[in-house]
Amino acid sequence: MEKKIKIKIRKGDTVQVISGNSRGKTGKVLEIHVEKYRATVEGINVVSKHIKPSANTPNGGIEKKEAPIHISNLALVDPTNGKPTKVGRKLDDKGKLQRYSKKTGEIIKNG
């Protein structure tokens, strides 16, 4: 039986990089890659991709593009105080799981 991965960061969240080359930078999550446990963040981990000349791009060239970064290197930014925080999950009064900031206890609205 495979272990089900619980990713506490979602598309549209603002996150801060806590380790790696882009440490300290913040950005918005563009895409989550659940199977690889990675996320693509706007303006973070930008790589140069060389494009071969073809019918669509006759000159070819170098394209700057965001590469996925491992989720363990990201921390969600608390919407109330703007600082990175851990994320907890608790049931609300309707029995639905909601994310909350472990620093302030505030409920985190979805993306």
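Residue indices begin at 1 and follow the sequence shown.
The two residues T85 and K103 come nearest to each other via the heavy atoms OG1-N, 3.3 Å. When every heavy atom of V15 is checked against every heavy atom of V77, the shortest pair comes out as C-CG2, 3.8 Å.
Of the possible polar contacts, none joining the E66 side chain to the I44 backbone as a donor-acceptor pair under 3.5 Å is found. A donor-acceptor contact shorter than 3.5 Å is absent between the side chain of S22 and the backbone of K25.
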Ignoring hydrogens and angles, write down the donor-acceptor pairs under 3.5 Å from the side chains of residues 67-75, residues two or more places apart or on other chains.
| from | atom 1 | to | atom 2 | distance (Å) |
| --- | --- | --- | --- | --- |
| H70 | ND1 | S72 | N | 3.2 |
| H70 | ND1 | S72 | OG | 2.8 |
| N73 | OD1 | S19 | OG | 2.8 |

Determine all donor-acceptor pairs shorter than 3.5 Å in which one atom belongs to a side chain in residues 86-97; sequence neighbours excluded.
| from | atom 1 | to | atom 2 | distance (Å) |
| --- | --- | --- | --- | --- |
| D92 | OD1 | K94 | N | 3.2 |
| D92 | OD1 | G95 | N | 3.1 |
| D92 | OD1 | K96 | N | 2.7 |

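The hydrophobic clustering, which links ILVMFWY residues whose side-chain heavy atoms are closer than 4.5 Å, places Y37 and V29 together. Side-chain heavy atoms closer than 4.5 Å link hydrophobic residues (I, L, V, M, F, W, Y) into clusters, and following such links, even through other members, never connects L30 to I7.
Side chains of I32 and I9 form a contact here, defined as non-hydrogen atoms less than 4.5 Å apart. Within the 4.5 Å cutoff, no side-chain heavy atoms of E63 are placed close to those of S48.
The environment of K65 atom NZ is sparse: at most 12 non-hydrogen atoms of other residues, nucleotides or ligands sit within 6.0 angstrom.
Screening K109, K8, R99 for a side-chain hydrogen bond (donor to acceptor under 3.5 Å, both in side chains) involving D13 leaves a single residue, R99.
Pairs of residues two or more places apart, or lying in two chains, never qualify as ring pair (Phe, Tyr, Trp, His ring centres under 6.0 Å) while including a residue from residues 7-36. Sorted by first and then second residue, the ring pair (Phe, Tyr, Trp, His ring centres under 6.0 Å) pairs with a member in residues 3-31 form an empty list; sequence neighbours excluded.
For T80, the side chain to side chain donor-acceptor pair (under 3.5 Å) test picks out D78, with sequence neighbours left out. Qualifying side chain to side chain donor-acceptor pair (under 3.5 Å) partners for K49, counting only residues two or more places apart in sequence or in other chains: none. When the side chain to side chain donor-acceptor pair (under 3.5 Å) test is applied to T14, no partner is found at least two apart in sequence or on another chain.
Between atom CG of residue N81 and atom OG1 of residue T104 there is a gap of 6.0 Å, rounded to the nearest 0.5 Å. To the nearest 0.5 angstrom, Q16 atom CD is 8.5 Å from I18 atom CD1.
Summarising the hydrophobic clusters (Ile, Leu, Val, Met, Phe, Trp, Tyr; side-chain heavy atoms under 4.5 Å, direct or chained), the residues clustered with Y100 are I107. Its side chain outside the 4.5 Å cluster rule for every partner, I51 clusters with none of the Ile, Leu, Val, Met, Phe, Trp and Tyr residues.
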